[in-house]
**Q** 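This is the structure, below, for whatever I ask next.
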Amino acid sequence: MKDLIWKKHDRGESTDPAIMDFLAGEDIELDKELLLFDLQASAAHVRGLQQIGILSDVESDRLLGGLSVIEQDFSNGIRDLDSSFEDGHSAIESWLTEMLGDLGGKVHTGRSRNDQVAVALRLYMKDRLGHLRRICADIAAVLLERVSMDGDLPMAGYTHLQPAMPSSAGLWLAGHAEAFIDNAELAVLTYRWLDASPLGTASGFGVNLDLPRDAVAKDLGFARLLVNPQYAQNSRGKIELQALSVLSACTLDLRRLAWDLSLFTTHEFGFVKLPAQYCTGSSIMPNKNNPDTVELLRAVHGVVQGAQTELATVLSLPSGYQRDLQATKPPLLRAFRKGLQGLALLPGLLTGFEWQTERMRKSITAEMLATDHAINLARDGVPFREAYRTAAAEMAELNDEAIAQSLADRTSPGGCGRLETEILQARLDSLED
Ligand code: ARG
């Protein structure tokens with residue numbers, strides 16, 4: 001272990017490896033995902049210190065040069081965070097000191113690891129919510145594109161998993177599209193909500209320097225300041241929980257979509273054929289072709305939900321920084337890694353699957369026209385309850401025309417005959433800017 005930045009060499013603080021290992025936890029591994037954000041924030045902090053004259057221009061240039069070398073080396077794999085460091089924050093200072101001597105230590109003037117980690121995490125969450133928004137928008141775009149190609153294909157609609165009414169591929173596709181448009185919007189709203197800079201709040205009480213917090217926040221692309229230093233710490237975990245709840249809405253919809261696909265690919269339904277690369281074989285049964293990808297996509301929500309529970313459980317804390325807050329990082333990073341990885345597979349899967357039109361058409365039976373029949377009678381003035389009984393007793397004639405008519409006549413807004421995808425498309429387009 002390198003020299004600890006907080007070690008004062010005179011009090012015999014513990015450096016027992018077992019204790020240090022426990023304190024570090026997974027930090028080194030996790031901080032690899034945060035390091036570029038930490039470096040970005042460190043550079044903005046240096047520019048802030050220069051602005052108020054704490055660092056000379058020369059010092060600031062040298063520190064910025066050092067930070068940029070670290071960034072390049074880390075991105076190219078030449079420099080790695082390893083267990084000789086306590087965490088990513090102290091590694092930055094230690095690398096700078098190695099390169100620039102005592103000047104390296106000046107990077108930490110007026111900041112604490114408490115605001116350093118908080119700002120890195122906010123930048124990380126903004127980045128991941130941006131990804132999430134784009135993936136959700138891509139998923140919705142692919143689904144709407146397929147509505148325009150396959151929207152009219154008839155297939156049975158189910159409630160209770162029992163045949164209900166004739167429905168269409170379009171209604172199913174547009175239903176999932178609307179879900180992901182909602183999710184993309186949630187990502188945008190949450191991004192805006194947490195787009196505030198905690199940098200410059202230091203350990204949670206402010207510092208005796210006129211830090212140009214606004215300028216530094218702007219430099220980092222934040223929309224505003226997180227003003228109160230205590231709240232900068234108290235909001236840790238809370239904003240993570242909110243980011244996870246957006247992810248969780250996405251993976252909940254992913255789970256339902258994957259469930260549908262898994263059902264539709266069964267021998268019994270046979271509505272859908274998945275692209276070969278999303279399926280695997282069996283090690284023993286030569287006849288098998290299994291939809292493993294959709295099954296594991298269905299499992300992603302479990303990881304996210306587990307992370308939400310883990311994170312919420314940590315947050316039983318008094319005000320101010322507590323080391324427990326470190327334990328909010330593993331569930332956040334784990335869930336976003338798995339969630340984004342799974343969601344990113346959906347556009348390809350949704351573009352590539354094939355409808356089995358014959359099986360879809362055959363899933364519609366004459367009984368399923370009864371609701372249309374009852375409503376037709378009611379339209380002619382028969383009280384609905386009487387029409388309902390009449391329709392139950394009279395079997396309608398089933399043929400392709402009757403099915404097409406049933407779908408075309410479903411003109412209530414959003415229904416099979418009037419999907420109103422232009423409303424969905426407009427919402428999607430307004431997200432792009
Ligand atoms: N790894 C720590 C965390 O995530 C960094 C902050 C450490 N601060 C401290 N006062 N020990 O919270």
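Ligands are counted one by one from 1 in listed order, and the atoms in each one are counted from 1 as well.
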**Q** What's the shortest distance from atom 1 (N) of ligand 1 to any protein heavy atom, and which residue and atom give it?
**A** Asp27 OD2, 2.7 Å

**Q** Can you find a pair of side-chain heavy atoms, one from Leu247 and one from Leu343, that are under 4.5 Å apart?
**A** yes

**Q** For atom 11 (N) of ligand 1, which candidate among Arg113, Gln233, His89 provides the closest heavy atom?
**A** Arg113

**Q** For Arg236, take its heavy atoms, then give the atoms of ligand 1 lying under 4.0 Å from any of them.
**A** 3 (C), 4 (O), 12 (O)

**Q** Consider every N or O of Asn114 and every N or O of ligand 1, then say whether any pair is closer than 3.5 Å.
**A** yes

**Q** With only distance considered, is Tyr321 within less than 3.5 Å of ligand 1 through an N or O on each side?
**A** yes

**Q** Report yes if some heavy atom in the side chain of Leu257 is under 4.5 Å from a heavy atom in the side chain of Phe180; otherwise report no.
**A** yes

**Q** Write down the atom of Pro331, the atom of Glu310, and the distance for their closest heavy-atom approach.
**A** CD-OE2, 3.6 Å

**Q** On a heavy-atom basis, which atom in Met368 and which in Pro166 lie closest, and how many Å separate them?
**A** O-CD, 3.1 Å

**Q** Which of the atoms of ligand 1 are close to Lys329, meaning less than 4.0 Å from one of its heavy atoms?
**A** 1 (N), 4 (O)

**Q** Just one of Phe271, Tyr158, Phe264 clears the ring pair (Phe, Tyr, Trp, His ring centres under 6.0 Å) bar with Trp172, so which one?
**A** Phe264

